[in-house]
Amino acid sequence: KNEVEQSPQNLTAQEGEFITINCSYSVGISALHWLQQHPGGGIVSLFMLSSGKKKHGRLIATINIQEKHSSLHITASHPRDSAVYICAVNAGGSQGNLIFGKGTKLSVKP
Amino acid sequence: EADIYQTPRYLVIGTGKKITLECSQTMGHDKMYWYQQDPGMELHLIHYSYGVNSTEKGDLSSESTVSRIRTEHFPLTLESARPSHTSQYLCASTSNRGTGNTIYFGEGSWLTVV
């Protein structure tokens with residue numbers, strides 16, 4: 001079992017829909033990251049969380065430390081939101097302190 | 001805007017050649033990483049560094065080496081390229097200060113070995 005699990009793996013939505021991507025982790029962490037990667041593109045950081053909730057434009061990220069769970073929400077989704085969304089955690093261990101989920105591929109149809 | 005740079009962006013080389021992928025960051029970050037990512041697939045850690053003269057191996061390290069002589073520079077060398085090395089290589093950095101800091105990625109180096 002991976003230490004960082006994301007769901008769903010793939011998600012198709014219609015433009016305007018509210019989208020939720022989930023991330024669960026099984027290790028102790030100091031921070032959690034949500035990252036975005038467009039097809040053929042680089043990876044950009046959307047949020048870094050250690051508690052509570054953060055909002056940036058139409059994106060909202062929440063984390064529940066007790067339940068070891070985080071969600072990324074996209075309101076009023078748009079085709080340009082189509083990308084892979086990756087959850088990563090700062091944890092101890094042999095991965096250089098960063099453990100990545102496998103990503104959620106989001107496709108928003110017009 | 002991230003200040004982390006990778007060169008070359010695209011490279012085609014022959015089997016058996018030695019290649020060094022460059023990564024530099026101007027943010028003074030302690031931690032730097034190299035990942036390999038095939039299209040549509042997850043990231044695989046190759047090497048990482050917690051600071052100058054500190055390097056550690058990841059899951060895919062056996063056919064490559066890194067060095068960290070300066071804080072800002074973390075080059076990755078493939079001693080003898082093989083077609084199986086064809087992939088995208090991503091460099092990343094973050095700070096070791098505090099409990100967690102934003103991760104910055106370079107734009108990637110696309111390597112094709114023929």
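Residue numbering restarts at 1 for every chain, and letters A, B, ... go by the order of the sequence lines.
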Separation of B:Leu45 CG from A:Leu98 CG (nearest 0.5 Å): 8.5 Å
Non-hydrogen atoms of A:Leu35 and B:Phe105 that approach each other most closely: CD1-CE1, 4.0 Å
NZ (A:Lys105) with more than 12 external heavy atoms under 6.0 Å: no
Inter-residue atom distance A:Ile43.CD1 - B:Leu43.CG, 0.5 Å rounding: 4.5 Å
Chain A contact via B:Leu90 - which portion, at a heavy-atom distance below 4.5 Å: side chain
Residue part contacting chain A, namely of B:Gln6, when any heavy atom lies under 4.5 Å: neither
Path from B:Met41 to B:Leu111 over hydrophobic side-chain contacts below 4.5 Å: no
A:Val4-A:Leu72 co-clustered via ILVMFWY side chain contacts under 4.5 Å: yes
For the student: nearest non-hydrogen atoms of A:Ser45 and B:Thr102, plus distance: OG-CG2, 3.5 Å
Shared hydrophobic cluster, B:Leu76 / B:Val113 (ILVMFWY, side-chain heavy atoms < 4.5 Å): yes
Common cluster, B:Tyr35/B:Tyr89, ILVMFWY with side-chain heavy-atom separation under 4.5 Å: no
Rounded distance [0.5 Å steps], CD in B:Glu42 versus CD in A:Gln6: 10.5 Å
B:Trp34 with B:Ile13, same ILVMFWY side-chain cluster at under 4.5 Å: yes
